[in-house]
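Some notes on the structure that comes next.
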Amino acid sequence: MIDIRLLRDQPDVVRASQRARGEDEGIVDAILDADEQRRSALTAYESARAEQNRIGKEVARAKGDDKAALLAQVKDLAARVKDLDATAAAAGARYDALMLSIGNVIEDGVPAGGEDDYVVLEHIGTPRDFEAEGFAPRDHLDLAEGLDALDMARGAKVAGSRFYFLKGVGARLEMAMLTLAMQRAIAAGFVPMITPTLVNRTTMAGAGFIDHHLDEVYHLPADDLFLTGTSEVALAGYHSGEVIDVADTPIRYAGQSSCYRREAGSYGKDTRGIIRVHQFNKIEMFVYCHPDQARDEHRRLLAMEREMLDLMEIPYRIIDVAAGDLGGPAARKFDCEAWVPTQGRYREVTSTSNCTTFQARRLGTRFKGEKGNEIAATLNGTLATTRWLVALLENHQQADGSVLVPEALRPGVGLDVLTPVAP
RNA sequence: GGAGGCGUCGCCUAGUCCGGUCUAUGGCGCCGCACUGCUAAUGCGGUUUGGGGUAGCCCCCAUCGAGGGUUCAAAUCCCUCCGCCUCCGCCA
């Protein structure tokens with residue numbers, strides 16, 4: 001949720017943000033109008049209620065005829081208070097619905113436009129020239145099956161399409177990668193967390209996934225619990241309703257969890273291998289900080305992602321995601337995209353968002369500031385995830401189907417080279 | 001799944017049986033002031049959170065786990081839900 005005071009004081013800022021996102025800027029005036037109505041309805045209710053409270057105290061003191069007279073007088077008032085309360089509640093509900101539907105105000109410098117209007121900030125590393133090396137690269141699924149590292153067929157048998165088993169060196173590679181990511185996060189001052197992957201409705205809504213991404217979320221109706229698509233959800237809920245101490249120093253968490261996504265609406269997309277799956281693992285960074293520090297903290301999360309990708313020794317680029325592709329809570333988002341040789345293009349492997357106070361306002365996460373309690377800022381970013389295996393396998397493959405393990409992962413995997421097994 | 005207990009303004013706690021004087025008691029902590037070589041101790045005052053009104057001093061509304069209901073009036077009565085604790089049952 002955005003700050004209503006910003007919308008009242010500088011509606012043009014919000015209009016410009018909506019325009020850049022390609023969304024309706026008329027909603028700004030709709031909200032201002034609803035806010036006006038809500039406040040006048042509230043004032044009407046509150047003054048009637050004050051009158052009722054005042055007479056109520058007289059009733060308590062009065063006796064006999066006086067009391068009977070007062071009761072007769074206040075009976076109508078009680079009915080009127082009830083009506084005014086209902087009116088105010090309805091006006092409040094209209095206002096809330098509008099406020100929840102508007103996305104965060106974008107940060108200065110975010111490219112305008114939609115999915116294809118991103119700006120490439122930097123390329124790191126150079127894709128290998130397989131033609132010059134004299135062989136055609138195999139895709140990650142071929143490679144992984146050759147290494148007996150991945151079993152898609154049995155994943156489908158046991159759970160359905162887009163499920164899989166990571167097996168043998170596949171499991172070892174993922175565990176080594178996740179462990180390295182966690183160790184680096186700890187070294188950088190992040191508090192390691194293993195989070196709940198099932199959360200209640202309140203938490204899911206607070207993180208913003210019920211209003212906007214409901215189709216992508218697994219729901220367990222018997223218990224009204226939701227499987228989370230990222231530990232961001234649990235980490236955002238962690239300090240909900242609390243006053244935390246981030247006036248000077250950010251609180252930084254690194255959450256490890258399995259992540260679950262329905263991938264509804266992506267039928268036919270990325271059906272080969274593990275690029276798009278229903279369940280995967282991820283190390284997610286999540287930061288609470290003073291709003292004034294959010295921008296710097298965002299760059300710090302990006303730097304963490306870069307260092308980790310550098311250790312994977314894979315070529316990647318960094319993009320500044322366009323306003324229309326940000327998602328509601330983000331004011332700015334940087335994605336790192338790794339080179340996938342067999343697709344001849346870059347694919348998203350990390351994503352870091354600065355949600356400023358948008359998410360925390362909804363979750364009620366505050367800190368003691370100079371002007372009393374203020375809303376904290378939240379940020380998140382990927383430090384490692386299962387999809388990275390695609391880039392690791394494809395970029396480090398050799399002509400014989402073996403795969404070199406990057407230096408940084410060798411201690412964790414316990415191998416320098418992953419070698420194909422006999423068929 | 002069953003039985004019982006509990007949930008009060010940062011923490012602990014009184015109040016709930018029997019609705020109104022609850023503007024929620026007291027302690028701890030915290031903040032300010034006073035006193036005191038310094039510290040400590042002591043005394044006095046302040047200290048829930050959110051919203052609305054106001055130029056401002058301030059005023060008003062809501063808030064006793066959450067949501068409904070009864071009533072002129074609810075921390076207090078009724079209903080539903082949530083969470084925690086104890087015991088029993090079941091159990092990858």
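Quick caveat: nothing in here was measured; it's all calculated off a predicted structure. Letters A, B, ... are given to chains in the order of the sequence lines, protein chains preceding strands, and every chain is numbered from 1.
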Q: Between B/rU8 and B/rG15, how far apart are the P atoms? Round to whole Å, please.
A: 14 Å
Q | 5′-ward residue of the pair A/Lys75/A/Lys368 relative to RNA chain B | A | A/Lys368
Q.
Taking CZ in A/Arg80 as the centre, count heavy atoms belonging to other residues, nucleotides or ligands within less than 6.0 Å. Is the count above 12?
A. no
Q. Cation over ring, A/Arg38 on A/Tyr95, under 6.0 Å and within 45°?
A. yes
(Q) Other residues, nucleotides and ligands only: do more than 12 of their heavy atoms fall within 6.0 Å of CZ on A/Arg8? (A) yes
Q. For A/Arg5, which residues count as a salt bridge (Lys or Arg N to Asp or Glu O under 4.0 Å) partner, sequence neighbours excluded?
A. A/Asp3
Q: Any chance you could list the contact pattern along nucleotides 50-63 of chain B? Use B for base contacts, S for sugar-phosphate-only contacts and - for none, protein heavy atoms under 4.0 Å, 5' to 3'.
A: SBSS------BBS-
Q: Report, as a single string ordered 5' to 3', how protein heavy atoms within less than 4.0 Å touch nucleotides 77-83 of chain B: B base, S sugar-phosphate only, - not at all.
A: -------
Q.
Any carboxylate oxygen within less than 4.0 angstrom of a Lys/Arg side-chain nitrogen, looking at A/Arg300 and A/Glu297?
A. yes
Q: Salt-bridge test for A/Glu107 and A/Arg295: reply yes if a basic N is under 4.0 Å from a carboxylate O, no otherwise.
A: yes
Q. Are A/His278 and A/Tyr164 linked by a side-chain donor-acceptor pair shorter than 3.5 Å?
A. no
Q. Should B/rG83 form a Watson-Crick or G-U wobble pair with both distances under 3.5 Å, which nucleotide is its partner?
A. B/rC6
Q. Does a side-chain N-to-carboxylate-O contact under 4.0 Å join A/Asp151 and A/Lys157?
A. no
